[in-house]
Amino acid sequence: MSSTSKAARQDSPNKALDKAPDDLFLDTTLRPSSWNEYVGQKTIKDNLKVLLRAAAERKHPPEHILFYGPPGLGKTTLAHLIAKETASQLKATSGPAIEKVGDLASILTNLAPGDMLFIDEIHRLNKAIEEVLYPAMESGSLDIIIGKGPSARTIQLELPPFTLLAATTRVALLSSPLRSRFSGGTFRLEFYTEKEIQEIIHRSARLLGIDIDEKSSKKIAERSRFTPRTANFLLKRVRDLAQVEKMAVSVGIVDKALAMLGIDELGLTQTDRDLLRTLIDKFGGGPVGLNTLAASLSEEEATVEEVHEPYLLQLGLIERTPRGRKATDKAFDHLKIKR
Ligand SMILES: Nc1ncnc2c1ncn2[C@@H]1O[C@H](COP(=O)(O)OP(=O)(O)OP(=O)(O)O)[C@@H](O)[C@H]1O
Ligand SMILES: [Mg+2]
């Protein structure tokens with residue numbers, strides 16, 4: 001890998017598996033705090049509003065809800081909005097943070113009635129812990145096994161009524177018993193339209209005190225991978241460059257900032273292009289298995305699958321076949337390689 005691609009990778013807005021502190025800061029400062037500010041995802045919002053209203057009328061916590069989809073599309077934001085809407089306390093944790101059955105038991109027994117528990121990256125919960133979650137989700141009870149061998153016995157604790165909100169970028173890794181217990185619904189977040197992303201950029205610009213015209217925001221939107229987090233990241237980089245160059249934000253500044261980040265006209269990063277090039281140069285366009293592809297790129301399989309592939313699939317640059325990943329004609333054209 002060249003040194004430029006390494007730099008681009010370190011600064012990448014798409015390293016969702018390992019968010020930089022800057023991304024986390026941006027996520028919280030720019031996070032919409034009402035349904036009106038939450039742009040797009042209309043079907044999900046409509047369904048959630050009915051679900052929450054019906055639960056409120058029955059004076060019962062809403063049923064458990066699962067959100068899935070690529071990083072940066074607004075899953076965590078939705079969990080926060082739901083808690084706000086229902087005036088509930090949100091207790092947030094994540095799959096990897098819950099290491100032992102006891103960790104989960106302690107979180108659950110410390111919930112107050114009506115609390116919402118948010119488990120991010122729920123696909124990383126281990127199986128033994130998942131099994132403790134089943135009765136908690138289904139009947140609001142916690143089964144604890146005391147002792148070992150023939151003298152072991154189970155005691156059952158009643159939990160306060162609560163709602164589990166969960167998010168994952170890899171829904172396929174969830175076991176079907178776990179998936180089936182999200183009785184409130186399982187919602188897949190979709191990529192945004194360019195217009196929606198442009199609206200998000202203008203809102204963020206207002207919040208960050210950045211003056212931006214329509215042409216510049218449109219250009220950023222086009223390169224944002226249809227993803228709000230990426231749009232916010234690019235907006236900030238553009239602001240930085242304008243500041244350093246002592247100029248106003250303009251299409252020229254946007255172009256320059258994008259070029260410096262190695263983001264091309266389709267919004268692909270250096271790593272995306274490396275992936276396509278590897279697929280084409282090393283494997284004749286494929287099909288090639290995910291593990292082989294990830295290994296040739298020195299990337300984690302999970303990063304390839306969660307961060308890079310969804311957008312490449314969305315653009316029709318690659319295809320998933322039963323025998324692996326294939327580069328499409330569009331990918332050959334984009335990299336100007338003859339078949
Ligand atoms: N619908 C939206 N409208 C406006 N801004 C949004 C929207 N969705 C997301 N954002 C912005 O993008 C940022 C990232 O969103 P969020 O953290 O909810 O994504 P996520 O799906 O949880 O990502 P990950 O899978 O990496 O955890 C938010 O802080 C917010 O600023
Ligand atoms: Mg999140």
Side-chain angles (χ1 to χ4, degrees), residues 12-49 65-85 90-97 116-125 165-174 186-208 210 217 220-221 224-237 239 300 302-303 305-311 314:
S12 162
N14 303 308
K15 270 186 66 188
L17 300 177
D18 184 17
K19 280 179 218 143
D22 198 33
D23 289 348
L24 288 176
F25 174 75
L26 262 193
D27 274 5
T28 37
T29 33
L30 299 178
R31 182 158 281 152
S33 55
S34 70
W35 291 122
N36 285 344
E37 292 175 33
Y38 191 93
V39 177
Q41 309 291 352
K42 186 172 178 320
T43 315
I44 299 183
K45 281 200 289 189
D46 288 349
N47 278 290
L48 287 177
K49 284 181 191 169
I65 302 169
L66 173 67
F67 297 115
Y68 72 97
L73 292 191
K75 300 179 291 297
T76 302
T77 305
L78 278 176
H80 283 272
L81 278 178
I82 291 176
K84 188 146 187 253
E85 180 75 4
L90 185 76
K91 301 235 167 115
T93 183
S94 72
M116 302 220 156
L117 172 63
F118 176 50
I119 306 186
D120 207 355
E121 298 185 69
I122 192 158
H123 61 274
R124 293 176 68 184
L125 218 52
L165 304 174
T168 179
T169 44
R170 301 184 85 190
V171 75
L173 296 186
L174 258 61
T186 294
F187 298 101
R188 174 187 145 146
L189 280 87
E190 302 292 341
F191 280 116
Y192 291 70
T193 64
E194 237 162 65
K195 240 176 130 228
E196 288 165 346
I197 293 290
Q198 208 181 353
E199 193 178 333
I200 292 172
I201 293 171
H202 280 284
R203 173 181 171 272
S204 301
R206 267 196 310 281
L207 289 173
L208 297 170
I210 304 171
S217 62
I220 299 178
S224 294
R225 316 169 74 85
F226 317 119
T227 303
R229 182 183 293 131
T230 310
N232 287 337
F233 172 87
L234 295 181
L235 174 65
K236 229 189 102 181
R237 294 287 81 81
R239 192 256 312 256
E300 301 269 336
T303 310
E305 198 173 19
E306 288 168 49
V307 179
H308 299 285
E309 281 195 349
Y311 183 62
Q314 176 81 10

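All values below come from the heavy atoms of this structure, side chains included, with hydrogens, waters and symmetry mates left out. When a ligand or atom number is given, it counts from 1 through the structure's own listing order.
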Contact check: Gly74 vs ligand 1, nitrogen or oxygen atoms, below 3.5 angstrom | yes

Would Phe67 and Leu73 satisfy side chain to side chain contact (heavy atoms under 4.5 Å, CB included), going step by step from the backbone distance to the final call?
-> CA-CA 10 Å; Phe67 297 115; Leu73 292 191; over 6 Å; no

Partners of Arg170 by salt bridge (Lys or Arg N to Asp or Glu O under 4.0 Å), sequence neighbours excluded?
-> Glu305, Glu306

Enumerated ligand 1 atoms positioned under 4.0 Å from heavy atoms of Glu37 | 3 (N), 4 (C)

Got an N/O contact under 3.5 Å between Arg229 and ligand 1?
-> yes

To the nearest 0.5 Å, atom CG of Leu235 lies from atom CD1 of Ile197 at 12.0 Å

Check whether any N, O or S atom of Thr76, backbone or side chain, sits closer than 2.8 Å to the Mg ion (ligand 2).
-> yes

Under 4.0 Å, heavy atoms only, figure out whether ligand 1 is touched by the backbone of Ile200, its side chain, both or neither.
-> side chain

Report yes if some N/O of Gly72 lies less than 3.5 Å from some N/O of ligand 1; otherwise report no.
-> yes

Pro32, any N or O under 3.5 Å of ligand 1 N or O | no

Heavy-atom distance under 4.5 Å between the side chains of Leu48 and Leu81, does that happen here?
-> no

Decide whether an N or O pair under 3.5 Å exists between Gly69 and ligand 1.
-> no

Could you tell me whether the side chain of Lys75 and the main chain of Gly69 form a donor-acceptor pair under 3.5 Å?
-> yes

Ligand 1 atoms in contact with Thr169 (distance to a heavy atom under 4.0 Å) | 25 (O)

Does ligand 1 have a heavy atom under 4.0 Å from the side chain of Asn232, from its backbone, from both, or from neither?
-> side chain

Atoms of ligand 1 less than 4.0 Å from Thr77 heavy atoms?
-> 15 (O), 16 (P), 18 (O), 28 (C)

Do the side chain of Lys45 and the main chain of Tyr38 share a donor and acceptor less than 3.5 angstrom apart?
-> yes

Please report the C-alpha distance between Arg124 and Ser94 in whole Å, then the side-chain angles of each, then the deciding distance to 0.1 Å, and finally whether the side chain to side chain contact (heavy atoms under 4.5 Å, CB included) criterion is met.
-> CA-CA 8 Å; Arg124 293 176 68 184; Ser94 72; over 6 Å; no

State, yes or no, whether a side-chain contact exists between Arg203 and Pro32 at a heavy-atom distance under 4.5 Å.
-> yes

The answer for which part of Tyr192 has a heavy atom under 4.0 Å from ligand 1 is side chain

Determine yes or no for a side-chain-to-main-chain donor-acceptor pair under 3.5 angstrom, with Glu190 supplying the side chain and Gln41 the backbone.
-> no

Please work out which of Leu78, Ile201, Ile197, Thr76 has its closest non-hydrogen atom nearest to atom 22 (O) of ligand 1.
-> Thr76

Ligand 1 atoms in contact with Leu73 (distance to a heavy atom under 4.0 Å) | 8 (N), 19 (O), 21 (O)

By salt bridge (Lys or Arg N to Asp or Glu O under 4.0 Å), which residues pair with Glu85, not counting sequence neighbours?
-> none

Closer than 4.0 angstrom: is that true for some heavy atom of Glu196 and an atom of ligand 1?
-> no

